[in-house]
Amino acid sequence: MNHRIIVTQILFGLLLSSASLAAWASNKLDSVRIWAAPESTRVVFDLTQAPKYADFTLSEPHRLVVDLADTHLGVNLAKVANNSKLIKSIRYSTPPKKGTLRLVLDLHKPVKANLFSLPPTAPYGNRLVVDLDDSAAGQLASSSSSSSSSSPTNLTSSSQGLRDVVIAIDAGHGGEDPGSIGPSGIHEKRVVLEIANRLAAKINQTPGMRAVMTRRGDYFVNLNKRSELARTSKADLLISIHADAFTSPKPQGASVWVLSMRRANSEIGRWLEQKEKHSELLGGAGEIIQNTDSEQYLAMTLLDMSMNSSMAISHAIAGDILKDLNSVTKLHKHKPEAASFAVLKSPDIPSILVETGFISNPYEERQLKSGVYQDKLARAIHSGVLRYFASNAPSDTVLAKRGVSNSVGSQKHKVARGESLSVIAQRYQVSVGRLKQANNLKSDVVHVGQNLVIPRA
């Protein structure tokens, strides 16, 4: 009898102990995901509840310590996939007090750490995000990326004092951010990266043009960093590639977006407050006006002019791309639309955002997953960009020199209703092939209102 009482008391004590531990650690760390970029790494801790956390760094060796209050471990840290060049390992350590989960990130070098929590957003739940940034490596990667993507044509043009037209291509989302998710479960981040890679290949195959990518793999790049990468590469244009989505599966079609005037004005105000960046944005002019009595007024004037020019160029290129997309897919918006997208905010770089279709539409999702269709979209975007820069290339570029030499003795023709390429060619006594070559046309299709360059007979 006494034996049974003792056993009962032990079991009751174990139950109380378990209940006490659960009370101390109500949150649970379900999984850990590491997303490695060339110059940074994002670590995501998936939790059952919103995290309460604290962090600090240690050196010799370099470590980042994260304390999660009222949390217990529910994942084998030794089995977490790690492809980061910044993190050696993630391990558990003795907590400072009962109920706290202490995690240690062993680092290869000192890095800048930024921690923040995220609420549940499909397909993810509560998360604690740790962004590790190696700025020195970022600058080196950007420099080597620019040089490694150069072609023999680029090297030749450099020796002649001319440069390539540089197009920065931004594949939206990435890594922890999947973007929109289609009915079959495909992520926007994957589709747009494939389209971006195809577009980059076509640009790099075009003499006098060169592409730089804001991301080359499945990792997230901060929105501010995307425009910074474009500026570091001295880009003449930034194209951000996305796939739209809606709560209903019915909407479909492509659209092209430019920066709204309201966002443009707010960005000018933000840049004006950062005097140390005037030289970065305005180049030599920024250095000349620095520390003068009229610096604020002059900077505002120059920034306003720069923004107006960038927005005008963006709108023109957006219109050209829409014309070519119209031959590939249905258009959701037939004219360039304005919005406050963060990736478009750079006042000194013409920037556009291309929504390639609605991934939430079952038919368009199937299209967007097709390599053949992705290639058609990339070709349409490339054609629109090339057509604009063939006529409006910066004066110090290879394209500008080629454009001047090819346009001597030529004239322009605006396509009227009922006219075809063969009719126009016959009218001006030139071959269809030469007409297509002069206008960088991939097919015999022309549109009403389209301006064509007529080469010399």
Side-chain angles (χ1 to χ4, degrees), residues 33-44 64 83-87 107 109-116 118 127 129-149 166-179 188-190 192-193 196-197 199-200 210-242 257 259 263-264 266-267 270-271 273-274 276-281 310 314 339-354:
R33 291 173 287 122
I34 299 177
W35 303 94
E39 70 276 5
S40 63
T41 294
R42 170 167 284 190
V43 183
V44 183
L64 172 66
N83 61 344
S84 171
K85 296 180 180 179
L86 303 180
I87 300 174
L107 306 171
K109 60 174 73 174
V111 294
K112 181 181 178 182
N114 179 37
L115 285 75
F116 56 93
L118 290 174
R127 289 153 291 166
V129 178
V130 179
D131 279 340
L132 304 175
D133 180 41
D134 181 11
S135 299
Q139 293 172 2
L140 182 61
S142 175
S143 170
S144 61
S145 173
S146 297
S147 59
S148 64
S149 60
V166 179
I167 310 297
I169 304 173
D170 171 54
H173 308 283
E176 171 65 9
D177 177 12
E188 177 186 359
K189 65 176 183 178
R190 173 188 157 191
V192 297
L193 180 60
N197 282 331
L199 175 58
R210 178 167 59 87
V212 294
M213 303 279 287
T214 61
R215 74 176 177 98
R216 294 181 175 275
D218 187 13
Y219 50 84
F220 182 76
V221 179
N222 182 280
L223 293 178
N224 291 328
K225 186 74 172 177
R226 296 173 192 241
S227 54
E228 288 176 13
L229 288 169
R231 182 175 295 108
T232 301
S233 303
K234 302 187 186 307
D236 297 285
L237 173 68
L238 170 64
I239 305 174
S240 190
I241 309 293
H242 288 257
W257 298 76
L259 187 66
R263 181 62 184 263
S266 68
E267 287 302 321
R270 187 178 66 85
W271 276 94
E273 292 173 0
Q274 302 178 31
E276 71 280 2
K277 290 197 172 184
H278 287 178
S279 293
E280 176 186 341
L281 188 66
S310 293
S314 301
S340 296
F341 295 123
V343 75
L344 304 179
K345 68 184 182 178
S346 182
D348 57 329
I349 304 174
S351 307
I352 61 173
L353 186 146
V354 180

Report task. Under the salt bridge (Lys or Arg N to Asp or Glu O under 4.0 Å) rule, collect the residues that match up with Asp131, sequence neighbours excluded. Result ->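 Per chain and number, Asp131 pairs via salt bridge (Lys or Arg N to Asp or Glu O under 4.0 Å) with Arg42.
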Query - Partner residues of Asp177 under the side-chain hydrogen bond (donor to acceptor under 3.5 Å, both in side chains) criterion, sequence neighbours left out - result: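 Partners of Asp177 under the side-chain hydrogen bond (donor to acceptor under 3.5 Å, both in side chains) test: His173.
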Query raised in the report: What residues, two or more places apart in sequence or in another chain, satisfy side-chain hydrogen bond (donor to acceptor under 3.5 Å, both in side chains) together with Arg127?
Result: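 In terms of side-chain hydrogen bond (donor to acceptor under 3.5 Å, both in side chains), with neighbours along the sequence ignored, Arg127 is linked to Glu176.
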Any idea which heavy atoms bring [X] and [Y] closest together, and the distance?
{"X": "Ala196", "Y": "Ile241", "value": "CB-CG1, 4.4 Å"}
{"X": "Leu64", "Y": "Ala113", "value": "CD2-CB, 4.1 Å"}
{"X": "Gly172", "Y": "Val192", "value": "O-CG2, 3.5 Å"}
{"X": "Tyr219", "Y": "Ala37", "value": "CD1-CB, 3.2 Å"}

Query raised in the report: Do the side chain of Lys189 and the main chain of Gly175 share a donor and acceptor less than 3.5 angstrom apart?
Result: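 A pair under 3.5 Å: yes.
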Report task. Would you confirm whether Asp134, through its side chain, and Glu39, through its main-chain N or O, come within 3.5 Å as a donor-acceptor pair? Result ->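 Side chain of Asp134 to backbone of Glu39: no pair is present.
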**Report entry** Test item: Leu132 and Leu107 side chains (from C-beta on) under 4.5 Å apart, heavy atoms
**Finding:**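 Yes, their side chains come closer than 4.5 Å.
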Query raised in the report: Are Asp133 and Asn222 side-chain neighbours, meaning at least one heavy-atom pair lies under 4.5 Å?
Result: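 Of all side-chain heavy-atom pairs linking Asn222 with Asp133, none is under 4.5 Å.
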**Report entry** Row check, Phe220 ring normal vs Arg226 NZ/CZ: under 6.0 Å, within 45°
**Finding:**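 That pair qualifies as a cation-pi contact.
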Could you work out, with side-chain contact (heavy atoms from CB on, under 4.5 Å) as the rule, every residue matching [X], not counting sequence neighbours?
{"X": "Ser240", "answer": "Asp170, His242, Val343, Leu353"}
{"X": "Leu193", "answer": "Ala171, Asn197, Met213, Arg215"}
{"X": "Ala230", "answer": "Ala168, Ala235, Leu238, Ile349"}

Requested in this report: Output the distance between atom CD1 (Ile169) and atom CD1 (Ile239), rounded to the nearest 0.5 Å.
Outcome: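 It is 6.0 Å, given to the nearest 0.5 Å.
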**Report entry** Gap between atom CH2 of Trp35 and atom OG of Ser40 - 0.5 Å precision
**Finding:**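 One gets 13.0 Å once the value is rounded to the nearest 0.5 Å.
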Requested in this report: Count the heavy atoms belonging to other residues, nucleotides or ligands that lie under 6.0 Å from CZ of Arg190, then report whether that count exceeds 12.
Outcome: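 Result for CZ/Arg190: open.
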